[in-house]
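Bear in mind that the values here come from a model prediction, so they are computed numbers and not experimental data.
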Amino acid sequence: KKRRKTMVNRATVRKNLFESKIETVTIGMKELLKAFYTKNSITIASYKFFPEAFFLEKLTDKIAEKIKGLVHFPNLPSQIKLSLSAYQTALLHIDPGLDISSLFKEVLYDLRANDDIVTHTYLTKYKDKLFNTLSSPHCYYNENMSCFMFMTPKMEMKSDVIEMLTSCDEMEALSEVFGAEGLSWITAQIGENITAAIAKLLHIVKDNTNLINEPRDKDDAWKHLVNVPEFILTAIDIGKKVGLVQLLDQGHENVTRNRMEYLYGVIDMMINSEMSNLLGVPDTIETIASGLGYNKGGIGDRQDGGSSQLLVSMVSTLLPFLANLGTSRFFQTSTGNNSVLLDVHQNSLNCLADAVMYITTNGSMLDYQQLVRHALSLPLQNHKNSMGALILAHSIISAEGKNGIPYSVFQSALLQSSTDQKEPDSGTLVHELHSRKITKLFKK
């Protein structure tokens, strides 16, 4: 009898493998794919075909080699950025079917994160060039123009590459080329240098602790201090490098704010919230903020409490001596034609105040009364640069929100400095501090 339609068909017994059509087609396709992905190219007639995976792999290697060739010092960051943009535009015309933009970004991101030789070599040379220029007494940090500038001994503007290297455009280009990884690395390198300099500065302060802590406030107490020239020059060096880090952070902050305005606003709100002010900013939020260029906490190890107060007392004791220096005059603008706004002291003595403000930021309840007394007594004495020293003291006190120096006195000092028509002293602070005349003033 015939089997019912509802019953299951009998299973067919196989005799030979790969005898069915579907098996023959499948194994043929597998062999074809293996041929495509193991051979560099396949030639059919007069045409040569490349498998996509192989092509993308080779294209990635070529892009990486080209990018490494472009990241070469002394090329400016803006030049590297322009070259990368032109190269990416040229690659877009290779094949409309390939996502070249994503591939290019992946190669660039991989270079930032994994190829320390290329990125760190460029950033190290870039940092060394900046440090060598910043060490010159004629190099000034101009906060108003957000860059470093070179000035002649007569305080006239002088064209120099440092102005371009530290400009806002170059700092933003540095951020776009090397990303948060590169900026974090170079900031950490500068931070280590600043930390070592702060330790050296505070060591000098502690060597003078007994004299600084004397209850009697003597006018000539500064004559008994030790290592004064080294203290002043180290503080100026710290102030300049703190300014450099601020420029790096500002450039990176501008880039991240333009690209991630919402996220940046959220981070800003979380850091400045009442809860953060009360309990502190969580480490995870601080890490994200630092990666975005929101480095409000700064870099380097700073001291609290006693060390900060000793530092302020040291500067207070030294204030009459600083007022006697001929190479520390205050300039609101540069001299000569086409003057620009400066608000600096000769030989960057204002960076000493920047270093003090940076180190004492975390210090709470500091006493500035001695600094105020010495500053207000300067106009009553016969000093070479009383107004400049008074302005220096005011910059330290006002940064902490204190109002120790009357506003009218400060404005009078600014007016007198701006109307001073004398020729600037063409000497350097280093030579003056190590001159025989200054050396004799300090009592052994």
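- The shortest heavy-atom contact between G427 and N347 is O-ND2, 3.9 Å.
- You'll find the side chain of Y126 reaches within 4.5 Å of the side chain of L174, heavy atoms only.
- Using modelled atom types, no side-chain atom of D354 and backbone atom of K240 make a donor-acceptor pair closer than 3.5 Å.
- Side-chain atoms of C139 and I162, non-hydrogen and from C-beta on, do get closer than 4.5 Å to each other.
- Between L392 and S395 the shortest heavy-atom distance is O-OG, 2.6 Å.
- Every pair passing ring-ring contact (aromatic ring centres under 6.0 Å, His included) that includes a residue from residues 184-203 is listed here, sequence neighbours excluded: H120-W185.
- Going from atom CG of L247 over to atom CZ of F148 covers 6.0 Å, rounded to the nearest 0.5 Å.
- Shortest non-hydrogen contact noted between S426 and P153 is O-CB, 3.7 Å.
- The main-chain N or O of H345 is found under 3.5 Å from a side-chain atom of N350 such that the two form a donor-acceptor pair.
- No donor-acceptor pair closer than 3.5 Å links the side chain of N385 to the backbone N or O of G326.
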Run F330 and M387 through side-chain contact (heavy atoms from CB on, under 4.5 Å) and show every step you take. CA-CA 8 Å; F330 179 77; M387 299 300 102; over 6 Å; no
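- In this structure, I63 and Y87 approach most closely via the heavy-atom pair CA-OH, 3.6 Å.
- Qualifying salt bridge (Lys or Arg N to Asp or Glu O under 4.0 Å) partners for R112, counting only residues two or more places apart in sequence or in other chains: none.
- T119 contributes a side-chain N or O that, together with a main-chain N or O of D115, makes up a donor-acceptor pair within less than 3.5 Å.
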Test ring-ring contact (aromatic ring centres under 6.0 Å, His included) on F150 and Y140; report intermediate values, then the result. CA-CA 6 Å; F150 225 77; Y140 293 82; 8.5 Å; no
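- Of the residues listed (L84, D110, V118), the one engaging I67 in a side chain to side chain contact (heavy atoms under 4.5 Å, CB included) is L84, and it is the only one.
- For the residue pair L123 and G182, the shortest heavy atom distance occurs at CD1-O, 3.5 Å.
- Other residues, nucleotides and ligands place no more than 12 heavy atoms under 6.0 Å from the CG atom of N337.
- Taking a 6.0 Å sphere around CG of N258, one finds it holds more than 12 heavy atoms contributed by other residues, nucleotides or ligands.
- A donor-acceptor pair is defined here as one N or O able to donate and one able to accept, closer than 3.5 Å; no such pair exists between the side chain of S146 and the backbone of N142.
- L233 CG to S135 OG: the interatomic distance, rounded to the nearest 0.5 Å, is 11.5 Å.
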Donor-acceptor pairs are to be reported for all side-chain atoms of residues 72-82 against protein atoms at under 3.5 Å, with residues two or more places apart or in another chain.
from	atom 1	to	atom 2	distance (Å)
N75	ND2	H72	O	3.3
S78	OG	E170	OE1	3.3
S78	OG	E170	OE2	2.6
Q79	OE1	L76	N	2.9
K81	NZ	E176	OE1	3.3
K81	NZ	E176	OE2	3.3

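- Counting heavy atoms from C-beta outward, Y368 and V315 have side chains that stay 4.5 Å or more apart.
- To the nearest 0.5 angstrom, L310 atom CG is 5.5 Å from N213 atom CG.
- Residue T256 holds its OG1 atom at 9.5 Å from CG of L183, rounded to the nearest 0.5 Å.
- Between the side chain of T133 and the main chain of K129, a donor-acceptor pair closer than 3.5 Å is present.
- Here the straight-line distance linking atom OG of S328 with atom CD1 of I391 works out to 11.0 Å at 0.5 Å rounding.
- Atom OG of residue S159 and atom CE of residue M164 lie 8.0 Å apart, to the nearest 0.5 angstrom.
- Side chain of H434 to main chain of V430: a donor-acceptor pair is present (N/O by atom type, distance under 3.5 Å, no hydrogens or angles).
- No side-chain heavy atom of M145 sits less than 4.5 Å from a side-chain heavy atom of L341.
- Minimum heavy-atom separation, I438 to E432: CG1-O, 2.9 Å.
- Distance alone, capped at 3.5 Å, is enough to place a donor-acceptor pair between the S316 side chain and the V312 backbone.
- Contact check for Q189 versus K127: side-chain heavy atoms found under the 4.5 Å cut-off.
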Full working for side-chain contact (heavy atoms from CB on, under 4.5 Å) between L92 and S101: CA-CA 7 Å; L92 293 175; S101 297; 3.6 Å; yes
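- No side-chain heavy atom of K158 sits under 4.5 Å from any side-chain heavy atom of M151.
- A donor-acceptor contact shorter than 3.5 Å is absent between the side chain of S184 and the backbone of E181.
- For the pair M155 and L342, the minimum side-chain heavy-atom distance is below 4.5 Å.
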Would K58 and K62 count as a side-chain contact (heavy atoms from CB on, under 4.5 Å) if you check the C-alpha gap in whole Å, the side-chain angles of each, and the deciding distance to 0.1 Å? CA-CA 6 Å; K58 293 301 179 183; K62 292 293 183 181; 5.5 Å; no
L325 and L322: CA distance, side-chain angles, deciding distance, side-chain contact (heavy atoms from CB on, under 4.5 Å) verdict: CA-CA 5 Å; L325 295 176; L322 298 177; 4.0 Å; yes
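- Salt bridge absent: D425 and R329 never bring a charged side-chain N and a carboxylate O closer than 4.0 Å.
- For the pair M171 and H252, the minimum side-chain heavy-atom distance is 4.5 Å or more.
- Looking at T152, its side chain does come within 3.5 Å of a backbone N or O of E156 through a donor-acceptor pair.
- Heavy-atom contacts from other residues, nucleotides or ligands closer than 6.0 Å to NZ of K105 number 12 or fewer.
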